[in-house]
2 protein chains.
Amino acid sequence: MTSRGAGPLYQRIADNLRARIQSGELAAGAKLPTEESLTKTHGVTRATVRQAVQVLVNEGLVVSERPRGHFVRRIERLIYRPQKEWRERPTHPELDQFMDEQVELGRKPSQTIAVELAAPPPDVAARLGLAEGDTVVIRKRVRYLDGTPFNTNDSYFPLELVQGSEIMHPADIGRGANQVLAELGAEQTHAVDEIEVRMPTPDEASRLEIGLGVPVAMHRVTGYTDNGRPVRVVRNVLPGDRHLIAFERTRPAKPQKGDEQ
Amino acid sequence: MTSRGAGPLYQRIADNLRARIQSGELAAGAKLPTEESLTKTHGVTRATVRQAVQVLVNEGLVVSERPRGHFVRRIERLIYRPQKEWRERPTHPELDQFMDEQVELGRKPSQTIAVELAAPPPDVAARLGLAEGDTVVIRKRVRYLDGTPFNTNDSYFPLELVQGSEIMHPADIGRGANQVLAELGAEQTHAVDEIEVRMPTPDEASRLEIGLGVPVAMHRVTGYTDNGRPVRVVRNVLPGDRHLIAFERTRPAKPQKGDEQ
DNA sequence: ACGTCTGCATTGTCTAGTCAATGAGGCCGA
DNA sequence: TCGGCCTCATTGACTAGACAATGCAGACGT
């Protein structure tokens with residue numbers, strides 16, 4: 001009745017609001033009508049209105065700021081470049097490439113570092129060629145931008161490889177962990193990147209202050225030496241509303257037919 | 001009371017179920033207790049139980065198969081390799097690299113193709129250097145595996161570039177769209193890949209039969225010729241529960257310091 | 001043996017309310 | 001002028017129901 005179109009009432013209300021968001025009538029940051037007022041305009045109970053709004057929250061379009069109201073989510077993605085690891089020398093040696101880039105844009109990065117010894121999770125164990133009972137050194141970092149958490153960066157190293165090295169010290173490594181690995185005779189020259197897309201676990205959601213309706217990308221890097229030995233696994237958790245992953249390719253010398261990938 | 005630990009009742013119930021899933025007590029494919037039985041074991045009304053289950057659905061851990069019950073989601077990810085575009089010659093020329101790989105694993109791929117002329121969406125217009133009022137040729141594909149939709153692959157070409165070519169014909173291009181572009185004097189030798197992580201739009205969700213709690217990766221490729229002209233944009237929509245994006249890197253000749261990216 | 005029909009368990013939708021929690025803004029006193 | 005307190009609008013959590021929709025299995029009929 002209010003909207004033509006089929007489906008349950010809460011879907012129609014959600015469709016109506018979604019359309020108004022996409023059309024720009026409700027711009028990013030705008031306040032949605034209160035639940036109370038929606039009950040009047042659509043002639044349903046508050047429970048139904050709440051169900052409608054919940055749909056939009058789960059789509060990541062709307063955030064709730066209790067008790068101020070519901071607002072259209074603002075999304076600003078910063079560019080995240082996996083390839084930079086080997087591309088550019090940081091101008092601020094105490095930060096890595098990602099954060100370095102942000103400094104140049106006038107933002108204030110910071111990070112926390114913790115080091116622990118523990119058994120590796122199954123995916124890491126498999127990639128390092130270890131058993132799940134083995135011990136790895138884990139360097140856990142949370143990176144912040146302007147005071148809010150931005151992403152996490154957890155590195156896993158085989159214990160025997162980095163025992164006693166700077167990697168086990170919970171402070172920033174100015175010259176980079178790759179450099180330390182090289183000094184230990186395990187220079188990383190090859191890497192496999194994997195990206196997995198899913199909803200955050202409750203742990204991740206709280207560590208990164210991720211709201212409802214925001215998925216994450218898990219960017220996992222396995223680093224290998226020249227002779228194919230895996231020497232580190234990094235797991236980056238990137239909230240979807242804050243990152244745009246970008247990389248570049250140039251066609252190899254001898255081209256072959258390729259279709260529309 | 002039922003579980004120690006704080007928070008609202010529905011959260012505790014959700015936490016309880018989540019723990020049982022992660023511990024393996026409720027394995028992938030297992031049926032959750034019915035809402036009715038959960039009301040009894042936790043001493044709450046059905047509305048509260050439903051709220052708890054909804055949390056798990058939105059986390060992507062649980063699917064509802066009405067009216068059979070709720071089940072622990074099965075996840076199987078296939079490896080998706082953006083770099084393959086230029087790497088390997090397909091053994092089945094009528095399919096592209098991604099599907100080709102699946103044939104080898106004994107799965108049955110198929111696809112639908114539609115071609116239309118329309119104005120480009122803003123992100124595509126920006127990357128092709130066009131105005132939003134211009135016209136582009138859009139080749140829309142949906143790829144299926146064993147009968148269920150797997151991902152979508154929409155290519156955008158400037159109209160003047162491909163006018164009258166095979167690209168405008170809604171059938172498979174055996175030798176690949178890249179080859180056709182080359183024959184038109186616009187050989188693609190460089191590409192920029194971007195990956196955006198978000199919840200699917202309702203359109204995407206229905207086109208790909210994506211359930212609640214499953215995010216997507218939007219993999220956007222902008223292809224350039226030798227002299228830097230953008231000649232195509234491809235938008236791949238990859239449901240997160242079905243894909244693992246993978247690519248490889250080798251360190252360039254002159255190494256520079258890099259930190260733990 | 002085979003199709004059809006019917007009942008049923010289970011989830012989906014919706015109503016009508018109550019009370020709690022919380023951020024913001026205004027009021028008031030020092 | 002400034003800090004603290006109070007009010008209030010709004011969302012969050014929960015109860016107690018009713019009825020609809022739908023796959024499946026078992027009964028039934030041919």
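Lettering of chains follows the sequences in order, A, B, ..., and the numbering in each one begins at 1.
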Send over the distance from A:Lys40 NZ to C:dA16 C1', rounded to a whole Å. 16 Å
Start at the 5' end of DNA chain C and walk down; is the nucleotide closest to A:Arg68 or to A:Gly7 reached first? A:Gly7
As a test of reading the structure: which of C:dT11, C:dT22, D:dT15 is closest to the side chain of B:Pro67, going by heavy atoms? C:dT11
Output the single nucleotide from C:dC14, D:dT11, C:dT11 whose closest atom is nearest the side chain of B:Glu35. C:dT11
Looking at every strand, decide which applies to B:Gln51 at a 4.0 Å heavy-atom threshold: base, sugar-phosphate, or nothing. sugar-phosphate
Which whole-number value in Å describes the distance from A:Glu36 CD to D:dA9 P? 11 Å
A:Leu32 CG to D:dA9 C1': how many Å, rounded? 16 Å
Between atom CD1 of B:Ile245 and atom CZ of A:Arg220, what is the distance when rounded to the nearest 0.5 Å? 12.5 Å
To the nearest Å, give me how far apart CG (A:Leu38) and P (C:dC14) are. 15 Å
Rounded to the Å, how far apart are B:Arg46 CZ and C:dT13 P? 11 Å
Closest approach to the side chain of A:Thr34, judged atom by atom: which nucleotide of D:dT15, D:dT11, C:dT15 is it? D:dT11
So does A:Lys31 have more than 12 non-hydrogen atoms from other groups sitting under 6.0 Å from NZ? yes
Just checking, any donor-acceptor pair under 3.5 angstrom between side chains of B:Gln111 and B:Asp172? yes
Consider only side-chain N and O atoms of A:Asn153 and A:Asn236, and report whether a donor and an acceptor are under 3.5 Å apart. yes
A:Leu212 CG to D:dT11 P: how many Å, rounded? 16 Å
Candidates D:dT15, D:dG12, C:dT15 - which lies nearest the side chain of A:Arg50: D:dG12
Looking across every strand, which nucleic acid part, if any, lies under 4.0 Å from B:Thr45 by heavy atom: base, sugar-phosphate, or nothing? base
Whole Å only: how far is the CZ atom of B:Arg66 from the P atom of D:dG23? 8 Å
Using every non-hydrogen atom in the two residues, find where B:Phe247 and A:Pro82 come nearest and quote the distance to one decimal. CZ-CG, 4.2 Å
How close or far is atom P of C:dG12 from atom CD of B:Gln54, stated in whole angstroms? 8 Å
Side chain of B:Tyr10, heavy atoms from C-beta onward: which of C:dT15, D:dC14, C:dT10 has the nearest atom to it? D:dC14
Most 5' of A:Thr48 and B:His70 on DNA chain C, judged by nearest nucleotide: B:His70
